[in-house]
Amino acid sequence: MVRVEFLGPIQKKPLELEIKNLNELAHILQKDKELSEWLQNSAVAVNDTLVNSLDVELKDGDKISLLPPVCGG
Amino acid sequence: MVRVEFLGPIQKKPLELEIKNLNELAHILQKDKELSEWLQNSAVAVNDTLVNSLDVELKDGDKISLLPPVCGG
Amino acid sequence: MLYLYDGALDVPTILKNWYEAEATSNYGAYIPFVGTVRSENNISGLSFDIYEPILEKWFDSWQLKAKAKGAIIKMAHSRGDVMLHESSYIAAVFSPKRRVALMLIEEFVEDFKASAPIWKYDLKQNKRIYALERSTAISGSGILGVFS
Amino acid sequence: MLYLYDGALDVPTILKNWYEAEATSNYGAYIPFVGTVRSENNISGLSFDIYEPILEKWFDSWQLKAKAKGAIIKMAHSRGDVMLHESSYIAAVFSPKRRVALMLIEEFVEDFKASAPIWKYDLKQNKRIYALERSTAISGSGILGVFS
């Protein structure tokens with residue numbers, strides 16, 4: 001089981017999914033119309049490390065975070 | 001009469017000179033061997049405004065300052 | 001040396017504490033950057049969400065970059081609401097030399113704006129409105145939106 | 001907004017006073033640069049001479065440059081002796097926007113080093129030794145040394 005968290009302004013509860021890689025996650029999340037803009041402008045972290053590609057294998061207990069555009073300060 | 005002041009580390013008392021321009025001042029100061037290094041590396045101000053050339057006429061009561069290399073902070 | 005506070009920062013106290021903490025560390029230059037909430041767009045203030053695990057990793061990577069130049073970085077940021085003319089952000093560089101300090105504070109603050117996982121909301125008529133148009137997508141964003 | 005003090009600067013108090021003085025001026029960025037005496041070359045401290053009339057003119061010209069960008073500059077400097085780990089210099093920019101503040105503090109501090117009529121001496125074994133090798137000739141220097 002992999003946990004998916006939506007950070008900051010994305011108003012969505014965490015998901016628990018049986019997925020093996022980020023490609024599967026992309027397919028699942030793209031079905032949710034409310035997420036479509038967020039998927040275009042959000043960064044993705046696996047276990048709190050940002051990733052730049054979908055070629056990431058996932059294992060049981062991994063945590064995925066979606067980070068929408070930032071503005072600290 | 002024109003007053004010439006030597007600022008910062010130049011250990012020299014002010015001079016009162018009867019001169020009409022900075023060219024005359026250059027000739028007079030160049031005779032003082034102790035000043036030769038300071039003349040090479042000092043900036044010149046007339047009445048507290050820095051000047052970039054010797055083509056400056058002087059009048060009675062003017063103040064000339066020699067400013068050696070600076071290091072604030 | 002990353003400090004998170006609920007609400008506005010006590011700027012004089014933080015600047016004083018940081019200065020005194022490094023008073024005998026032999027740094028020649030100390031440059032704090034202080035960010036204060038400006039009155040614009042009829043806001044009554046700003047509000048912030050922070051994702052701390054990634055903020056800490058990002059900050060630690062900057063601390064290593066600074067250390068390689070003999071410098072250190074300190075940073076304070078607010079969580080939650082910060083009202084008009086209050087301050088929400090302080091970043092500071094201590095360095096032996098001024099050139100390193102001047103370069104580092106600029107690079108750090110710019111990367112902070114582009115990368116630190118903090119989300120800003122305008123406070124307006126008791127609403128908390130995400131400041132999307134002033135926000136920056138983190139480098140690498142959008143990979144989940146590409147059809148594959 | 002140019003402040004000269006005999007001896008070391010009280011950094012926390014100056015940073016606090018300046019911050020509070022501009023607290024409601026609606027500046028979004030406040031960047032002080034603090035210069036502190038480092039232990040090097042076996043000095044016990046530094047000492048400074050200042051020629052105030054030209055320093056004031058130089059500072060006023062910078063205040064006009066800052067004003068054209070909607071910003072202001074404050075500066076404090078020590079006269080006379082400042083011992084190890086004490087501070088002799090603070091320059092600060094207040095600006096609505098961070099980019100202007102970051103550019104301006106760098107340009108101001110660099111021009112200060114190159115142009116401000118202040119002379120530095122090392123304090124070493126009760127002697128006051130002009131720091132010629134660390135000093136910079138003001139732009140236009142040398143005109144009186146040219147044979148004419």
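Residue numbers begin at 1 in each chain, while the letters A, B, ... track the order of the sequences.
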**Asked** If you tally heavy-atom pairs under 4.5 Å against chain D, which of Gly8(B), Pro9(B), Ala43(B) wins?
**Response** Pro9(B)
**Complete:** Note: vs chain D, highest number of non-hydrogen pairs under 4.5 angstrom among Leu29(B), Leu22(B), Val44(B) is Val44(B)
Quick check: are there more than 12 heavy atoms from other residues, nucleotides or ligands sitting under 6.0 Å from [atom1] of [X]?
X	atom1	answer
Lys69(D)	NZ	no
Met83(D)	CE	yes
Lys12(B)	NZ	yes
Glu16(B)	CD	yes
Lys57(D)	NZ	yes
Lys65(D)	NZ	yes
Glu133(D)	CD	yes
Glu52(D)	CD	yes

Part of [X] within contact of chain D (heavy atom distance under 4.5 Å):
X	answer
Ser36(B)	neither
Leu66(B)	side chain
Leu50(B)	side chain

Taking side chain as everything from C-beta outward and backbone as N, CA, C, O, which of these in [X] sits under 4.5 Å from a heavy atom of chain B? Side chain, backbone, both or neither.
X	value
Ser88(D)	side chain
Phe33(D)	neither
Ser115(D)	backbone
Lys113(D)	both
Leu132(D)	side chain
Ala91(D)	neither
Ala116(D)	backbone

Minimum heavy-atom distance [X]-[Y], with the two atoms named:
X	Y	value
Trp119(D)	Pro68(B)	NE1-O, 2.8 Å
Pro53(D)	Asp48(B)	CB-OD2, 3.2 Å
Gly73(B)	Tyr89(D)	CA-CB, 3.6 Å
Arg134(D)	Cys71(B)	O-SG, 3.4 Å

[atom1]/[X] to [atom2]/[Y] distance, rounded to the nearest 0.5 angstrom?
X	Y	atom1	atom2	answer
Leu7(B)	Ile118(D)	CG	CD1	12.5 Å
Leu39(B)	Leu144(D)	CG	CG	6.0 Å
Thr136(D)	Asn41(B)	OG1	CG	11.0 Å

**Message:** Quick one, Ile138(D) with Val70(B), criterion side chain to side chain contact (heavy atoms under 4.5 Å, CB included). Give me CA distance, side-chain angles, the key distance, then yes/no.
**Reply:** CA-CA 7 Å; Ile138(D) 295 172; Val70(B) 296; 3.8 Å; yes
